[in-house]
Amino acid sequence: MQLRRLGSLQVSALGLGCMGMSEFYGKTDEQESIATIARALDLGCTLLDTADMYGPFTNEQLVGRAIAGRRDEVVLATKFGNERQPDGSWVGINGHPDYVRSACDASLQRLGVDVIDLYYQHRVDKAVPIEDTVGAMAELVQAGKVRLLGLSEAAPDTIRRAHTVHPIAALQTEYSLWEREPEDVLLPTVRELGIGFVPYSPLGRGFLTGRFRTPDDFAEGDYRRSAPRFQGENFDRNLQLVDRVKEMATEKGCTVGQLALAWLLAQGEDIVPIPGTKKRSRLEENLGAIDVTLSADDLSRLDELAPAGVAAGDRYASMATIDR
């Protein structure tokens, strides 16, 4: 396993997103999910990413059970800020200092750990100054409850303001072959400030694996059934992109998903994608991207196959929660 750095943390070049093990992507299997996390650690995949809102709350509990007895092998990342009730209902985005403190304590308890390695604000609360939120997060570092701080889906100005309060180690934002908007302003900003970049949904919510040929391929209860990029003409246009990349993957002797991840890894040593899966077989396939070597010509070809703005449809049904 290749290693990279997020602030002072040494992490595997590819992490594991755990969200789908509990919610959003159809049927779940806790036993297989725990086995998948164990297999990730066996293979040297050390960065595990969760959040309190996944489940809600149950994903942190699952991760906690999975890493019991193996804490020293894990770089543990979780998030707060998307507030939900135990019944799953949405409350809203919350960046108030008191909430930051209580959310952290609750996450520590669910995860069964004494310290969180990387604690993210999941979404920016536009009603609360970022200085106040990050100030409360900094208190958690001082208290020894958190090692490093991160932001998710934050705009460049927000990142700069946050970074003046306390060093930000990582920015987590969607980035992939079909979502290249971060290249315009976000990546230059975090690189100027020495902040690592953690792409979530690096496989386009699984679409870039080539597994899905029609919207009906998504299971009942899978949120992708209603997401804009997986609807009607958008689905068909995006499938054309996948097929173009798949042709190149076949030539390279890898899967289309491995090619998509290898492209991301080649964008810089400061980039640590966190592809999500709930199956050991998919995990092993994803980690195989480490062994895919791309030449300058390969990268140029992929830029032509998947230029900025190539994806049809918005990332979310509502982009109102995204800080821009």
Side-chain angles (χ1 to χ4, degrees), residues 17 19-20 23-26 123 152-153 155 172-187 197-267 271 273-279 282 285-286 289 292 294 297-324:
M19 179 186 77
E23 194 179 13
F24 299 114
Y25 291 149
R123 290 291 185 271
S152 179
E153 291 287 2
Q172 186 173 137
T173 295
E174 185 172 353
Y175 183 33
S176 68
L177 269 177
W178 80 345
E179 183 50 56
R180 300 186 58 176
E181 185 178 354
E183 296 172 346
D184 294 337
V185 181
L186 277 179
L187 273 172
F197 195 92
V198 179
Y200 75 83
S201 294
L203 292 172
R205 295 174 175 79
F207 196 70
L208 294 175
T209 64
R211 293 171 50 213
F212 305 104
R213 306 302 299 179
T214 74
D216 290 335
D217 289 339
F218 298 120
E220 290 294 332
D222 191 315
Y223 103 100
R224 289 171 292 193
R225 281 179 168 265
S226 60
R229 288 189 174 173
F230 305 100
Q231 304 302 306
E233 292 183 1
N234 288 346
F235 188 101
D236 295 336
R237 285 177 56 190
N238 291 329
L239 190 60
Q240 293 173 16
L241 163 65
V242 174
D243 288 342
R244 292 195 299 270
V245 177
K246 187 175 183 179
E247 182 178 340
M248 181 175 172
T250 300
E251 295 172 12
K252 295 287 294 181
C254 63
T255 68
V256 62
Q258 288 172 336
L259 183 59
L261 291 173
W263 174 85
L264 260 181
L265 290 169
Q267 301 310 302
I271 290 179
I274 49 169
T277 186
K278 48 190 174 181
K279 295 182 179 179
R282 294 295 178 186
E285 176 186 335
N286 291 343
V292 177
L294 299 179
D297 287 343
D298 291 333
L299 293 171
S300 294
R301 182 177 173 189
L302 282 166
D303 283 342
E304 294 174 0
L305 293 174
V310 68
D314 286 334
R315 295 195 281 135
Y316 296 100
S318 172
M319 296 290 286
T321 64
I322 305 299
D323 184 37
R324 289 184 167 184

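The figures here come from the full heavy-atom set of this structure, side chains too, leaving out hydrogens, waters and symmetry mates. Numbers here simply count residues along the sequence, with the first being 1.
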Within the structure provided, determine whether [X] and [Y] are in side-chain contact (heavy-atom separation under 4.5 Å).
{"X": "Leu302", "Y": "Met248", "value": "yes"}
{"X": "Arg229", "Y": "Arg224", "value": "no"}
{"X": "Leu259", "Y": "Lys246", "value": "no"}
{"X": "Arg213", "Y": "Asp243", "value": "yes"}
{"X": "Ile322", "Y": "Arg123", "value": "yes"}
{"X": "Thr321", "Y": "Tyr316", "value": "no"}
{"X": "Thr173", "Y": "Glu179", "value": "no"}
{"X": "Leu208", "Y": "Val242", "value": "yes"}

Modelled atom types, side-chain donor and acceptor of Tyr223 and Glu23, under 3.5 Å: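 No.
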For the student: nearest non-hydrogen atoms of [X] and [Y], plus distance:
{"X": "Leu265", "Y": "Ala289", "answer": "CD1-O, 4.3 Å"}
{"X": "Asn234", "Y": "Pro228", "answer": "ND2-O, 3.0 Å"}
{"X": "Leu264", "Y": "Pro202", "answer": "CD1-CB, 3.3 Å"}
{"X": "Phe230", "Y": "Pro215", "answer": "O-CG, 3.8 Å"}
{"X": "Cys254", "Y": "Val292", "answer": "CB-CG2, 3.9 Å"}
{"X": "Asn238", "Y": "Ala312", "answer": "OD1-N, 2.8 Å"}

message: Let me confirm one number: the CD-CG distance from Glu220 to Asp222, rounded to the nearest 0.5 Å.
response: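 Nearest 0.5 Å value for the CD-CG distance: 9.5 Å.
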query: If you measure from NZ on Lys252 to CD on Gln258, what distance do you get to the nearest 0.5 Å?
result: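 Rounded to the nearest 0.5 Å, the NZ-CD separation comes out at 12.0 Å.
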message: For Gln172 and Ile274: C-alpha separation, side-chain torsions, deciding distance, then whether side chain to side chain contact (heavy atoms under 4.5 Å, CB included) applies.
response: CA-CA 10 Å; Gln172 186 173 137; Ile274 49 169; 3.7 Å; yes
- request: With Trp263 as reference, evaluate Leu305, Leu177, Val245, Asp298 under the side-chain contact (heavy atoms from CB on, under 4.5 Å) test and give the passing residue.
  value: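 With Trp263 as partner, side-chain contact (heavy atoms from CB on, under 4.5 Å) holds for just one option, Leu177.
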- request: Before giving the answer on side chain to side chain contact (heavy atoms under 4.5 Å, CB included), spell out for Leu203 and Leu261 the whole-Å C-alpha distance, their side-chain angles and the decisive distance to 0.1 Å.
  value: CA-CA 7 Å; Leu203 292 172; Leu261 291 173; 3.8 Å; yes
field: Glu285 and Arg282 ion-paired at < 4.0 Å
entry: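 Salt bridge between Glu285 and Arg282, a charged N being under 4.0 Å from a carboxylate O: yes.
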field: Salt-bridge contact Asp303-Arg180 (side-chain N to carboxylate O under 4.0 Å)
entry: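 Yes, this pair counts.
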query: Going through the checks in order, is the side chain to side chain contact (heavy atoms under 4.5 Å, CB included) test met by Tyr175 and Leu186?
result: CA-CA 11 Å; Tyr175 183 33; Leu186 277 179; over 6 Å; no
query: Out of Phe212, Phe235, Phe218, Tyr25, which residue meets the ring-ring contact (aromatic ring centres under 6.0 Å, His included) rule with Phe207?
result: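 In the set Phe212, Phe235, Phe218, Tyr25, the residue that makes a ring-ring contact (aromatic ring centres under 6.0 Å, His included) with Phe207 is Phe235.
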message: Go through it in stages, so that I can follow the logic: the residues are Glu174 and Arg205, the test is salt bridge (Lys or Arg N to Asp or Glu O under 4.0 Å), and I'd like the CA-CA distance, side-chain angles, deciding distance and then a yes or no.
response: CA-CA 10 Å; Glu174 185 172 353; Arg205 295 174 175 79; 2.8 Å; yes
message: Counting only heavy atoms not in Lys279 (residues, nucleotides, ligands), do more than 12 fall under 6.0 Å from its NZ?
response: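 Result for NZ/Lys279: open.
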